[in-house]
Trainee: 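Could you have a look at this structure, given as structure tokens, before my questions?
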Amino acid sequence: MLKPILNDQEKSVLRHLVDGAKHVVVICHQNPDGDAVGSSAAMKLMLQRMGKEVTAIAPNPFPDFLRKIPTAADMLLGDRHHQKIDRALAKADLVMILDFNMIGRMGEPLATKVAATKAKRVMLDHHLDPDTSCEVTISHPEMCSTCEVLLRVMMDMGWADGMTLEEATALYVGFMTDTGNFTYASNRPEIFEAVSFLLTKGIDKDRIYRTVFFSHTEGRFRLMGYLLYEKMEVMEELHTTLMTMTNEERMRFKTKNGATEGFVNMPLEIEGMKLSIFLREDTEKKGLIRVSTRSVDDFPCNELCAEFFNGGGHKNAAGGSLRMTMEEAVEVVHQAVGKYENLLK
Ligand code: 5GP
Ligand code: MN
């Protein structure tokens with residue numbers, strides 16, 4: 001049996017908030033990933049099972065393969081469905097905030113709208129340093145995913161007993177995607193106990209893997225080949241790679257925003273590499289460069305991103321952004337890895 005993560009006080013506050021709520025709004029972070037959508041979907045399905053009216057919102061669109069997660073295709077989009085979202089927030093008693101640690105990461109106009117409601121707020125997350133503006137903050141940075149946090153909360157609250165196959169499937173997606181199918185951030189034995197529990201609910205983990213990972217377009221594949229062949233700079237001494245992508249290049253391969261998900265991980269498959277950096281032009285905001293970084297072992301991507309890229313994140317996966325041209329951003333990357341050369345050489 002997994003150890004409880006909630007104390008009696010937390011359980012009683014959470015039970016009080018959920019029991020008292022009729023309408024619940026569930027919100028994940030911008031540019032939602034498998035954990036964000038998986039935890040939102042599982043939360044929605046569970047609350048519906050408990051008789052609540054639930055609206056799940058993603059701040060902006062997410063890739064098609066995540067729409068196959070049960071109920072995910074029904075999520076409202078913060079940058080499109082303004083009226084439906086306003087109606088849902090107007091009657092919400094409770095807002096569930098999933099997979100992010102600062103209210104601002106839901107982006108505008110959503111953040112302002114949520115702040116203006118009278119609804120109580122519960123945050124479930126696994127990122128470092130959560131802000132403490134919610135009535136309940138359940139933050140577990142040691143956990144692999146928000147789906148793991150949610151599953152453990154469900155177990156502690158007695159809500160996991162009636163878990164459906166759909167809920168278990170949605171939860172598994174977060175475990176699988178936030179650990180790269182259990183290749184990083186996944187050495188805690190509790191993770192596999194939790195997955196074992198999901199298997200008892202009937203999930204077909206092999207099929208979920210194919211649904212999520214074998215779902216790419218031809219354009220994404222050719223773009224990947226192009227970036228790896230033409231655009232990857234290998235800094236051998238620093239065991240670091242840098243890839244860049246402009247919007248023109250992305251569109252040449254007819255790929256949408258989100259189609260480059262996972263590209264940043266690939267150069268780490270080159271033997272000996274410690275750090276991979278991926279720069280891409282923002283698809284909407286001109287003059288904004290999005291930064292993604294990934295590392296192995298102890299290299300602190302979060303510190304690098306906080307110091308040089310106006311961002312943060314986890315030790316082995318972090319990101320940020322730069323307001324400048326691609327050429328200037330490449331310069332910043334060279335400065336940044338120069339400063340960290342002692343850790344990289
Ligand atoms: P990705 O490279 O997949 O966009 O982001 C990886 C991780 O970095 C995210 O899970 C998140 O924790 C963090 N991250 C990405 N962008 C930002 C940012 O702009 N600010 C902060 N604080 N963290 C970010
Ligand atoms: Mn996550």
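Computed over heavy atoms, backbone and side chain alike; hydrogens, waters and symmetry mates excluded. Predicted model only: the values in this text are computed from it and were never measured.
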Trainee: I'd like to know if the side chain of His81 and the backbone of Gly78 have a donor-acceptor N/O pair within less than 3.5 Å.
Mentor: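 Such a contact is absent between His81 side chain and Gly78 backbone.
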Trainee: Is Arg222 atom CZ crowded by more than 12 heavy atoms from other residues, nucleotides or ligands, each under 6.0 Å away?
Mentor: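 Result for CZ/Arg222: open.
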Trainee: Can you see whether Ser145 engages Asp178 through a side-chain donor-acceptor pair at a distance of less than 3.5 angstrom?
Mentor: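 No, because no side-chain N or O of Ser145 sits under 3.5 Å from a partner of the opposite role on Asp178.
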Trainee: Any side-chain donor-acceptor pair under 3.5 Å between Asn60 and Asn31?
Mentor: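 Judged by distance alone, the side chains do pair up.
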Trainee: Judged by atom type as modelled, is there a donor-acceptor pair below 3.5 Å linking the side chain of Glu307 to the main-chain atoms of Leu304?
Mentor: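 Answer holds: no.
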Trainee: For residues Asp156 and Leu6, report the shortest heavy-atom separation together with the two atoms involved.
Mentor: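 Heavy-atom minimum between the residues: OD2-N, 2.9 Å.
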Trainee: Look at the side chain of Glu248 and the backbone N and O of Arg252, then say whether any donor-acceptor pair between them is shorter than 3.5 Å.
Mentor: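 No, because the side chain of Glu248 does not come within donor-acceptor range (under 3.5 Å) of the backbone of Arg252.
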Trainee: Give a yes or no on whether a salt bridge exists between Asp282 and Arg290, defined as a side-chain N under 4.0 angstrom from a carboxylate O.
Mentor: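 Counted as a salt bridge, because a side-chain N and a carboxylate O are separated by less than 4.0 Å.
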Trainee: Any idea which heavy atoms bring Val37 and Ala72 closest together, and the distance?
Mentor: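 Between these two residues, the closest heavy atoms are CG1-CB, 3.5 Å.
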Trainee: Check whether Lys52 reaches the backbone of Ala21 with its side chain - one donor and one acceptor, N or O, closer than 3.5 Å.
Mentor: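 Yes.
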Trainee: Identify whether the distance between the nearest side-chain nitrogen and carboxylate oxygen of Lys231 and Glu249 falls below 4.0 Å.
Mentor: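 Judged by the 4.0 Å cut-off on N to carboxylate O distance, Lys231 and Glu249 do form a salt bridge.
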Trainee: Going by salt bridge (Lys or Arg N to Asp or Glu O under 4.0 Å), name the pairs with one or both residues in residues 33-51, residues two or more places apart or in two chains.
Mentor: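 Every pair satisfying salt bridge (Lys or Arg N to Asp or Glu O under 4.0 Å) with a residue in residues 33-51: Arg49-Glu167.
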Trainee: Could you walk me through whether Val212 and Met176 pass side chain to side chain contact (heavy atoms under 4.5 Å, CB included), step by step?
Mentor: CA-CA 9 Å; Val212 171; Met176 182 182 75; 3.6 Å; yes
Trainee: Counting distance only, does the side-chain N/O of Ser40 pair as donor-acceptor with the main-chain N or O of Gly38 below 3.5 Å?
Mentor: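 No; zero donor-acceptor contacts below 3.5 Å.
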Trainee: Under 3.5 Å, is there a donor-acceptor pair between the Asn181 and Thr183 side chains?
Mentor: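 No donor-acceptor contact under 3.5 Å links the two side chains.
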Trainee: Would Ile277 and Ser292 count as a side chain to side chain contact (heavy atoms under 4.5 Å, CB included) here? Give the steps.
Mentor: CA-CA 6 Å; Ile277 303 177; Ser292 285; over 6 Å; no
Trainee: Compare all side-chain heavy atoms of Phe253 with those of Arg220 and state whether any distance is below 4.5 angstrom.
Mentor: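 Result no, sub-4.5 Å side-chain heavy-atom pair not found.
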Trainee: For Asp8, I'd like to know if atom CG has over 12 heavy atoms of other residues, nucleotides or ligands within 6.0 Å.
Mentor: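 No, the 6.0 Å shell around CG holds no more than 12 heavy atoms from other groups.
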Trainee: If you look at every heavy atom in Ile85 and Leu76, which pair is closest and at what distance?
Mentor: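 Reported closest heavy-atom pair: CG1-CD1, 3.8 Å.
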Trainee: Under 6.0 Å from the NZ atom of Lys3, do we count more than 12 heavy atoms belonging to anything else shown?
Mentor: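 Open: at most 12 neighbouring heavy atoms sit under 6.0 Å from NZ of Lys3.
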Trainee: Before accepting this row, confirm whether a basic side-chain N of the pair Glu218/Lys254 lies closer than 4.0 Å to the acidic partner's carboxylate O.
Mentor: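 The answer is no: the pair does not qualify as a salt bridge.
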Trainee: Looking at Asn187, I'd like to know if its CG atom is crowded, meaning that more than 12 non-hydrogen atoms belonging to other residues, nucleotides or ligands lie closer than 6.0 Å.
Mentor: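 12 or below, so no.
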Trainee: Give a yes or no answer on whether the side chain of His126 reaches the backbone of Met143 with a donor-acceptor pair at less than 3.5 Å.
Mentor: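 The answer is yes, because a donor-acceptor pair under 3.5 Å joins these two groups.
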Trainee: Mind checking what makes salt bridge (charged side-chain N to carboxylate O under 4.0 Å, His left out) contact with Lys91, not counting sequence neighbours?
Mentor: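 Glu53.
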Trainee: May I ask you to decide if the ring planes of Phe214 and Tyr209 are parallel, tilted or perpendicular, using 30° and 60° as cut-offs?
Mentor: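 Perpendicular, since the angle between the ring planes exceeds 60°.
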Trainee: Hey, is the main chain of His239 close enough, under 3.5 Å, to the side chain of Lys274 for a donor-acceptor pair?
Mentor: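 Looks like no, no N/O pair under 3.5 Å.
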Trainee: Atom NZ of residue position Lys201 - does it have more than 12 heavy atoms of other residues, nucleotides or ligands inside 6.0 Å?
Mentor: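 Yes, enclosed.
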Trainee: Going by ring-ring contact (aromatic ring centres under 6.0 Å, His included), name the residues that satisfy it together with His29, two or more places apart in sequence or in a different chain.
Mentor: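 Once residues adjacent in sequence are excluded, His29 has no partner under the ring-ring contact (aromatic ring centres under 6.0 Å, His included) criterion.
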Trainee: Taking it one step at a time, do Arg188 and Glu148 satisfy salt bridge (Lys or Arg N to Asp or Glu O under 4.0 Å)?
Mentor: CA-CA 11 Å; Arg188 289 171 40 257; Glu148 183 181 2; 2.8 Å; yes
Trainee: Is the number of heavy atoms from other residues, nucleotides or ligands under 6.0 Å of Gln83 CD greater than 12?
Mentor: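 Open.
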Trainee: Regarding Arg280 and the six-membered ring of Phe263, is the cationic atom NZ or CZ under 6.0 Å from the ring centre and inside 45° of its axis?
Mentor: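 Pair Arg280/Phe263 does not count as cation-pi.
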Trainee: Before accepting this row, confirm whether a basic side-chain N of the pair Lys315/Asp298 lies closer than 4.0 Å to the acidic partner's carboxylate O.
Mentor: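 Yes.
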Trainee: To the nearest 0.5 Å, what is the distance between CZ (Arg105) and CD (Gln30)?
Mentor: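 Reported value, rounded in 0.5 Å steps: 7.5 Å.
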Trainee: Going by atom types only, do His127 and Asp125 share a side-chain donor-acceptor pair under 3.5 Å?
Mentor: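 Yes.
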Trainee: Examine distances only and state if a side-chain atom of Arg250 and a backbone atom of Thr255 form a donor-acceptor pair shorter than 3.5 Å.
Mentor: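 Side chain of Arg250 to backbone of Thr255, a donor-acceptor pair under 3.5 Å: yes, one is there.
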Trainee: Counting only heavy atoms not in Phe192, do more than 12 sit closer than 6.0 Å to its CZ atom?
Mentor: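 Check passes, neighbour count above 12.
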Trainee: Please determine whether side chain to side chain contact (heavy atoms under 4.5 Å, CB included) holds for the pair Leu2 and Met155, giving the CA-CA distance in whole Å, both sets of side-chain angles, and the decisive distance to 0.1 Å.
Mentor: CA-CA 9 Å; Leu2 286 158; Met155 287 174 160; 3.7 Å; yes
Trainee: Are side-chain heavy atoms of Leu89 and Val114 found at a separation under 4.5 Å?
Mentor: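 A side-chain contact under 4.5 Å exists here.
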Trainee: Within the distance-only criterion (no hydrogens, no angle test), does the side chain of Ser276 pair as donor or acceptor with the backbone N or O of Val264 below 3.5 angstrom?
Mentor: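 Yes, the answer is positive, given that a donor and an acceptor are paired below the 3.5 Å cut-off.
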Trainee: Nearest 0.5 Å, what's the CZ-CG distance between Phe175 and Leu151?
Mentor: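 If we round to the nearest 0.5 Å, Phe175:CZ and Leu151:CG are 5.0 Å apart.
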Trainee: Do other residues, nucleotides or ligands put more than 12 heavy atoms under 6.0 Å from Lys113 NZ?
Mentor: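 Yes, the 6.0 Å shell around NZ holds more than 12 heavy atoms from other groups.
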Trainee: I'd like to know whether the aromatic ring centres of Phe299 and Tyr340 sit less than 6.0 Å apart in this structure.
Mentor: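 Yes, they do, as the ring centres are separated by less than 6.0 Å.
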Trainee: Determine whether the side chains of Asp99 and Ser39 contain a donor N or O and an acceptor N or O closer than 3.5 Å.
Mentor: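 Note: Asp99 and Ser39 side chains miss the donor-acceptor criterion.
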